[in-house]
Amino acid sequence: MSDKSYLDWPFLEDHHRELAGLLDAWTEKEIKPFEDDEEDVNALSKKFVRMLGEAGFLQYSVPAEYGGAHKSLDVRSLCICRETLARTTGLADFAFAMQGLGSGAISLFGTSELKAEYLPKVLTGEAIPAFALTEPDAGSDAGNLSSTAVEDGDDYILNGTKTFISNAGIADFYCMFVRTSDEGARGLTCFVLDADTPGFELVESLNVIAPHPLGTIRMTNCRVPKSKMLGKVGEGFKVAMSNLDIFRSTVGAASLGFARRALDEAIARTKERHVFGQPLSGFQFTQGKLADMATEIDASALLIYRAAWTRDCVADRVTREAAMAKMYATEAAQVVIDHAVQLFGGMGVLVGTPVERLYREIRAMRIYEGTTDVQKIVIATQLLK
Ligand SMILES: Cc1cc2nc3c(=O)[nH]c(=O)nc-3n(C[C@H](O)[C@H](O)[C@H](O)COP(=O)(O)OP(=O)(O)OC[C@H]3O[C@@H](n4cnc5c(N)ncnc54)[C@H](O)[C@@H]3O)c2cc1C
């Protein structure tokens with residue numbers, strides 16, 4: 001059983017503690033039976049979205065005016081949900097996270113009409129959103145993307161290709177970042193694009209080491225009304241970065257969930273496994289590794305809940321704090337999980353064991369929503385400005 005003492009930290013309030021207990025019990029009962037299931041991730045992810053919606057946990061993905069639990073997105077609640085779900089399965093965490101990340105641009109920058117059209121369906125799990133920024137030639141350098149939107153009367157005509165898009169193929173709508181002028185990052189604009197818009201297609205599904213719905217999509221002369229713009233013309237980069245300011249800390253939280261599970265598994269295994277006539281946990285080498293793992297987990301949790309609390313209670317933008325939390329927690333979780341695999345010996349690399357699954361799950365976290373290098377650039381830019 002993972003350490004829960006962090007729930008008493010002053011960053012959290014009683015309703016967060018209550019949420020952690022409720023979701024933990026629900027996950028154990030409803031999600032755990034699917035823990036090893038990697039067969040049809042698209043179908044399973046949609047199922048998780050529906051289950052989370054029916055159980056009421058998607059109320060943390062939208063603001064209160066549209067049925068959500070809090071006036072604005074509460075980062076601490078999002079972190080607790082992701083941490084808790086990730087301890088059991090990465091796919092359930094993914095399904096939950098994408099409801100918030102995919103629709104976050106609408107929650108933050110949408111008109112009241114757009115919010116009313118999309119957010120209630122996100123809340124129930126009836127609609128699945130996606131966040132479409134990355135392109136084949138623009139990942140870390142997202143301000144350099146080349147998909148275009150050209151004004152045409154009351155509409156814009158969108159063209160271009162996006163890749164590595166989570167929920168591609170199963171999403172009902174995409175918050176789509178496109179170029180409306182040549183002014184670099186200042187030339188981007190965000191639109192909501194419905195998946196049934198003529199000219200929109202899934203080019204291919206992408207199969208990654210820890211499978212989840214992911215793919216490449218293409219827009220060919222997709223007509224989108226001006227009323228579906230999020231923010232103003234030229235504000236697309238700001239829309240994307242404001243969304244990431246909220247969700248980056250939550251990527252850290254999901255990594256923390258993976259790391260906590262790895263430590264739990266390692267403690268159980270080293271107590272039960274006997275080598276050289278005694279439990280593995282009796283050796284000081286082993287104990288040192290477990291101590292390192294626990295310390296990395298607490299350090300990650302402190303950075304994550306500091307960033308989340310700052311965003312909820314102190315400041316609208318937490319660029320530095322969120323980047324530190326994401327960078328530290330994802331890198332630390334990779335090391336913690338690697339130690340767990342090592343402590344399991346050969347069993348650690350046996351396909352299907354929890355630590356083997358965690359070893360695959362953690363890897364992409366150090367890449368998406370900004371690689372570790374990009375987080376360093378973000379932090380240094382804040383320091384030097
Ligand atoms: C599983 C998964 C899910 C994803 N989901 C989404 C999604 O839903 N929506 C979306 O828009 N995108 C998504 N992405 C894309 C993701 O955000 C990008 O992969 C990421 O931003 C890195 O971009 P890239 O792959 O083009 O790598 P590159 O930008 O080509 O980077 C390659 C390497 O160069 C390094 N690098 C880049 N710039 C610098 C620099 N200035 N100095 C030093 N090193 C540098 C990077 O750190 C990296 O190590 C997802 C990716 C994955 C793997």
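Just so you know, ligand 1 is whichever comes first in the structure, and atom 1 is the first atom listed for that ligand. Note: hydrogens, waters and symmetry copies are ignored here, and every other heavy atom, side chains too, is used.
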Would you mind checking which non-hydrogen protein atom is closest to [atom], with the distance to 0.1 Å?
atom                    : result
atom 14 (N) of ligand 1 : F164 O, 3.1 Å
atom 51 (C) of ligand 1 : Y368 CB, 3.6 Å
atom 8 (O) of ligand 1  : S166 N, 3.0 Å
atom 20 (C) of ligand 1 : I367 O, 3.6 Å
atom 48 (C) of ligand 1 : T371 CG2, 4.1 Å
atom 9 (N) of ligand 1  : F131 O, 2.7 Å

What I want to find out is whether [X] reaches [Y] closely enough, with some N-O distance under 4.0 Å, to be called a salt bridge.
X    : Y    : value
E265 : R261 : yes
R87  : D93  : no
K121 : D172 : no
R357 : E35  : yes

Measure from atom 17 (O) of ligand 1 to the protein's non-hydrogen atoms and state whether any distance is below 4.0 Å.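 Neighbour list for atom 17 (O) of ligand 1 includes protein heavy atoms (cut-off 4.0 Å).
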Ignoring hydrogens, tell whether any protein atom lies closer than 4.0 Å to atom 5 (N) of ligand 1; use the non-hydrogen atoms only.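 Looking at atom 5 (N) of ligand 1, one finds that a protein heavy atom does lie closer than 4.0 Å.
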Less than 4.0 Å is my threshold; does some heavy atom of V208 fall inside it relative to ligand 1?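 Checking ligand 1 against V208, which is what was asked, there is no heavy-atom contact under 4.0 Å.
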Return yes when H212 approaches ligand 1 closer than 4.0 angstrom through a heavy atom, no otherwise.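 Contact present.
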Per-atom contacts of ligand 1 with E369, taking only distances under 4.0 Å to non-hydrogen atoms: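 That gives atoms 17 (O) of ligand 1.
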Quick one: sort the W9 and Y305 rings into parallel, tilted or perpendicular, breaks at 30° and 60°.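 Perpendicular.
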For H70 and H15, take the angle between the two ring planes, folded into 0 to 90°, and tell me which bin it lands in: parallel under 30, tilted 30 to 60, perpendicular over 60.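 Rings of H70 and H15: tilted, 30 to 60°.
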Among L214, I377, D373, T134, closest by any non-hydrogen atom to atom 35 (C) of ligand 1: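 Selected option, by shortest heavy-atom distance: D373.
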Quick one: which of A130, P213, G139, S140 has a heavy atom closest to atom 28 (P) of ligand 1?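 It is S140 that holds the nearest heavy atom.
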So among F164, F177, Y368, F173, which one has a ring pair (Phe, Tyr, Trp, His ring centres under 6.0 Å) with F131?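 For F131, the ring pair (Phe, Tyr, Trp, His ring centres under 6.0 Å) test succeeds with only one of F164, F177, Y368, F173, which is F177.
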Do the numbers put R76 on top of the ring of Y60, so that NZ or CZ is under 6.0 Å from the six-membered ring centre and no more than 45° off the axis?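 Pair R76/Y60 does not count as cation-pi.
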G370, any N or O under 3.5 Å of ligand 1 N or O: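 In this structure, G370 places no N or O atom under 3.5 Å from an N or O of ligand 1.
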Considering only heavy atoms from C-beta outward, does the side chain of L263 approach that of I267 to under 4.5 Å?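 Counting from C-beta outward, L263 and I267 do come under 4.5 Å.
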